[in-house]
Amino acid sequence: MSTLAARDVTKAFGGLTALAEVSLEVAPSEIHGLIGPNGSGKTTLLNALSGYYLADAGRVTLGEADLTRVSVQRRAFAGVARTFQKPRLLPTLTVVDNVMLGGWPAVRSSFFGTALSWLRARREEKVLRERAEELLHGVGLAPVMTRRASLLEHAEQRFAEIARGLMAGPRFLLLDEPAGGLTPHEIEQLGVVIRTVRDAGIGVLLVEHHTDFVFRLSDRVTALDLGRVIRQGTPAEVRHDAEVIRVYLGA
Amino acid sequence: MRASRAVVVVGVLLALATMPWWARDQYQLHLAALIGVYWILIAGLNLVVGYSGQLSIGHVGLLAIGAYGFAILTGRYEWGPWWALAASGGLGSLCGLLLGLPSLRLPGFYFAMATLAFALIVTEISLAQGDLTGGGTGLPVPGFTAPFDSPGGFHALVLIVAVLITWLTWNVARFMWGRALIAVRDSVVTAQAVGVPVFRAKLLVFVLSGLTAGVAGALFASLQSYITPDTFVFELGLFFFVCIIIGGRGTIVGPLIGTAVLTALPEIVAPLARWSTFFYGLLLLAVVLLVPEGIGHMVEIVRARLRPRSLASFAVAPDAERLARCLRSEPRR
Ligand SMILES: Nc1ncnc2c1ncn2[C@@H]1O[C@H](COP(=O)(O)OP(=O)(O)OP(=O)(O)O)[C@@H](O)[C@H]1O
Ligand SMILES: [Mg+2]
């Protein structure tokens with residue numbers, strides 16, 4: 001079974017060690033929660049897994065493949081998709097166009113090929129559009145499909161980013177605070193989406209501050225503090241860990 | 001909506017194709033051909049500036065290379081005009097590649113400066129290599145063979161090439177590569193996340209724009225029938241750029257209208273010919289201040305004003321079953 005894994009990953013910015021020998025493994029069909037105080041290195045770890053930061057030491061692997069030095073783009077092709085702590089949609093495109101962009105790894109038409117043989121590109125386009133529309137129905141954004149992304153509500157942006165991430169049929173989906181800024185009701189809906197994604201065989205890394213949400217949803221949880229793993233285990237184990245309570249959860 | 005757009009396109013094409021029969025004089029034909037030639041370059045440049053967001057102000061250098069290439073190959077080496085036209089396109093894309101390779105990695109401002117430097121260097125070379133280019137005195141340029149040697153014939157040739165080039169760039173713009181280019185323009189981080197090879201995408205459009213600039217150069221030279229380094233002043237490069245800004249980013253129609261209007265402007269305000277640059281400036285200022293999205297988006301903007309769609313929010317309600325079904329049917333790679 002191929003997992004997405006960070007092995008003893010270290011990352012420093014100048015004198016600041018954002019990650020110190022962090023190991024974490026996301027399995028297929030698993031929701032892996034990642035919690036920790038502000039600045040504990042959660043986003044940095046997600047960036048190391050998706051390729052935006054290259055680890056100073058340690059390795060990143062997907063199954064047998066070593067991704068440590070591999071570019072963000074090649075990781076996307078290998079099946080690693082992500083969303084951003086601050087949603088990054090293309091403001092001038094419609095929602096469905098934004099989601100279609102996520103299907104880039106499935107595109108076969110070359111640049112000059114598209115320019116010349118539009119028939120093939122048009123066939124591809126049709127398949128991609130159908131899938132994007134299905135996904136948008138699936139995550140519940142069908143009513144805003146043709147709206148410009150710049151006009152979306154915050155929650156809609158978050159769901160649209162998830163749909164974009166799912167477009168290429170990833171093996172792993174990394175979510176950076178997907179519940180940030182959502183109402184309790186919307187967080188429930190988000191939970192439905194994430195569970196569905198997991199049940200489809202995709203491994204999910206869930207970075208979140210809503211700890212109740214994380215503990216309820218996750219199969220395993222990792223807690224970070226100051227760039228170190230302080231506890232890893234089932235939600236119950238992590239929730240009752242004395243160290244985790246002291247540095248993060250509070251009494 | 002789609003059908004009405006097709007009607008407009010066919011109508012405009014018919015009007016342009018029959019122009020030799022209804023134009024008032026030869027000069028109008030010449031002007032139409034000039035707009036067409038400029039558009040051939042701008043259509044490619046539009047993908048660079050309007051779609052991928054790379055601010056090239058030096059495409060006049062590529063135009064000059066295509067023009068001199070055509071003039072030298074047909075005049076000095078007596079190539080047929082068709083071969084020379086193709087060679088100019090090839091030369092333009094090769095120079096696009098050589099210019100793009102080192103400069104497209106630079107951040108926006110420095111890239112613009114690199115293209116500016118390129119245009120200046122091309123001018124200097126055309127002055128210095130007097131044996132080939134005629135130096136400051138310039139070169140006469142042979143025309144095309146019959147039936148494209150008359151003003152009407154040349155107009156038809158330009159129209160055919162322009163339609164072809166527009167179609168190529170439209171294919172790029174409307175499918176996945178178009179979205180990828182807009183991602184490169186608006187959010188490199190997003191482009192990377194979905195797997196778009198950012199540098200390669202920029203380079204490919206730049207090479208395509210070199211091709212269209214080279215072809216435009218050949219036709220431009222033939223239309224002018226005599227070229228000197230002064231034909232390719234730097235202002236011309238700015239002019240191309242301004243046509244796209246006025247037309248709007250991320251559209252094809254906008255810059256097309258921008259090109260037609262700005263090229264014809266000196267004629268429209270003929271009594272004020274000395275003021276034409278003033279009107280460029282005024283128009284640019286008005287667009288930037290009043291419709292910064294460009295005239296190509298004006299229809300959209302007006303429509304949104306007239307019929308403000310209710311942006312009433314709704315509760316996001318996922319359909320788990322539908323999502324699951326969709327996820328099981330992988331878009332296989
Ligand atoms: N590109 C960078 N350059 C310098 N320092 C950085 C960079 N990225 C992150 N850091 C630092 O690394 C530490 C970890 O940051 P990170 O963003 O990973 O935290 P986080 O756990 O995601 O926090 P939050 O919950 O606030 O999102 C912080 O001290 C941050 O200031
Ligand atoms: Mg963070």
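Every chain is numbered from 1, with letters handed out A, B, ... down the list of sequences.
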**Q** Can you say whether A:Gln189 sits under 4.5 Å from chain B via the side chain, the backbone, both, or neither, judging by heavy atoms?
**A** both
**Q** Looking only at heavy atoms, which two atoms of A:Phe84 and B:Ala193 are closest? And how far apart?
**A** CZ-CB, 3.8 Å
**Q** Of the non-hydrogen atoms in A:Leu90 and B:Ser187, which two are nearest, and what is the gap between them?
**A** CD2-CB, 4.1 Å
**Q** Which region of A:Val192, side chain (C-beta onward) or backbone (N, CA, C, O), has a non-hydrogen atom less than 4.5 Å from a non-hydrogen atom of chain B, or is it both or neither?
**A** side chain
**Q** Considering non-hydrogen atoms only, spot the tightest contact between B:Val194 and A:Gly102 and give its length.
**A** CG1-CA, 3.8 Å
**Q** Examine whether an atom of A:Val197 lies under 4.5 Å from a heavy atom of chain B, and if so say whether it belongs to the side chain, the backbone or both; otherwise answer neither.
**A** both
**Q** Sort A:Arg198 into side chain, backbone, both or neither according to what part of it lies under 4.5 angstrom from a heavy atom of chain B.
**A** neither
**Q** Taking atom CD of A:Glu134 and atom CG of B:Leu323, what is their separation to the nearest 0.5 Å?
**A** 10.0 Å
**Q** Within the supplied structure, the quantity of interest is the number of heavy atoms (other residues, nucleotides, ligands) at a distance under 6.0 Å from B:Trp82 CH2; does it exceed 12?
**A** yes
**Q** Determine the minimum heavy-atom distance between B:Trp167 and A:Leu116, stating which atoms define it.
**A** CH2-O, 3.4 Å
**Q** Looking only at heavy atoms, which of residues 168-185 of chain B get nearer than 4.5 Å to chain A?
**A** B:Leu168, B:Asn171, B:Val172, B:Arg174, B:Phe175, B:Met176, B:Trp177, B:Arg179, B:Ala180, B:Ile182, B:Ala183, B:Arg185
**Q** When rounded to the nearest 0.5 angstrom, what is the spacing between OG1 in B:Thr190 and CZ in A:Arg88?
**A** 6.0 Å
**Q** Can you tell me which of A:Arg75, A:His185, A:Arg164, A:Glu161 forms the most heavy-atom pairs within a distance under 4.5 Å of chain B?
**A** A:Arg164
**Q** Between A:Thr114 and chain B, with a heavy-atom cut-off of 4.5 Å, which part of the residue counts as in contact: side chain, backbone, both or neither?
**A** both
**Q** Of all residues at least two apart in sequence or in a different chain, which pass the salt bridge (charged side-chain N to carboxylate O under 4.0 Å, His left out) check with A:Asp66?
**A** A:Arg59
**Q** Among all residues two or more places apart in sequence or in another chain, which pass the side chain to side chain donor-acceptor pair (under 3.5 Å) test with A:Glu124?
**A** A:Ser109
**Q** When you look at CZ of A:Arg216, are more than 12 heavy atoms from neighbouring residues, nucleotides or ligands closer to it than 6.0 Å?
**A** yes
**Q** What part of A:Val139 is in contact with chain B, defined as an atom under 4.5 angstrom from a non-hydrogen atom: side chain, backbone, both or neither?
**A** both
**Q** For B:Gly195, is there any backbone N or O sitting under 3.5 Å from a side-chain donor or acceptor partner on A:Trp104?
**A** yes
**Q** Please report the shortest heavy-atom distance between A:Gln73 and B:Pro197, naming the atom on each side.
**A** NE2-CA, 4.0 Å
**Q** With a cut-off of 3.5 Å and sequence neighbours excluded, list every side-chain donor-acceptor pair involving residues 36-46 of chain B.
**A**
unit_1  : atom_1 : unit_2   : atom_2 : d
B:Trp39 : NE1    : B:Thr166 : OG1    : 2.9
B:Asn46 : ND2    : B:Thr251 : O      : 2.9

**Q** Given that the side chain runs from C-beta out, which part of A:Asp199 has a heavy atom under 4.5 Å from chain B: side chain, backbone, both or neither?
**A** neither
**Q** CZ/A:Arg82 to CD/B:Gln192 distance, rounded to the nearest 0.5 angstrom?
**A** 10.5 Å
**Q** Using a cut-off of under 4.5 Å on heavy-atom pairs, state which of B:Asp319, B:Val189, B:Val205 scores highest against chain A.
**A** B:Val189
**Q** Rounded to the nearest 0.5 Å, how far does CZ of A:Phe111 lie from CZ of B:Arg200?
**A** 10.5 Å
**Q** Within this structure, what is the CG-CZ distance for the pair A:Leu136 and B:Arg322, rounded to the nearest 0.5 Å?
**A** 10.0 Å
**Q** Return the minimal non-hydrogen interatomic distance between B:Cys326 and A:Arg131, and the atom names on each side.
**A** O-NH1, 3.1 Å
**Q** Mind ranking A:Leu135, A:Thr83, A:Thr183 by heavy-atom pairs under 4.5 Å with chain B and telling me who comes out on top?
**A** A:Leu135
**Q** So for A:Ala81, is it side chain, backbone, both, or neither that comes closer than 4.5 Å to the heavy atoms of chain B?
**A** neither
**Q** Atom CZ of residue position A:Arg74 - does it have more than 12 heavy atoms of other residues, nucleotides or ligands inside 6.0 Å?
**A** no
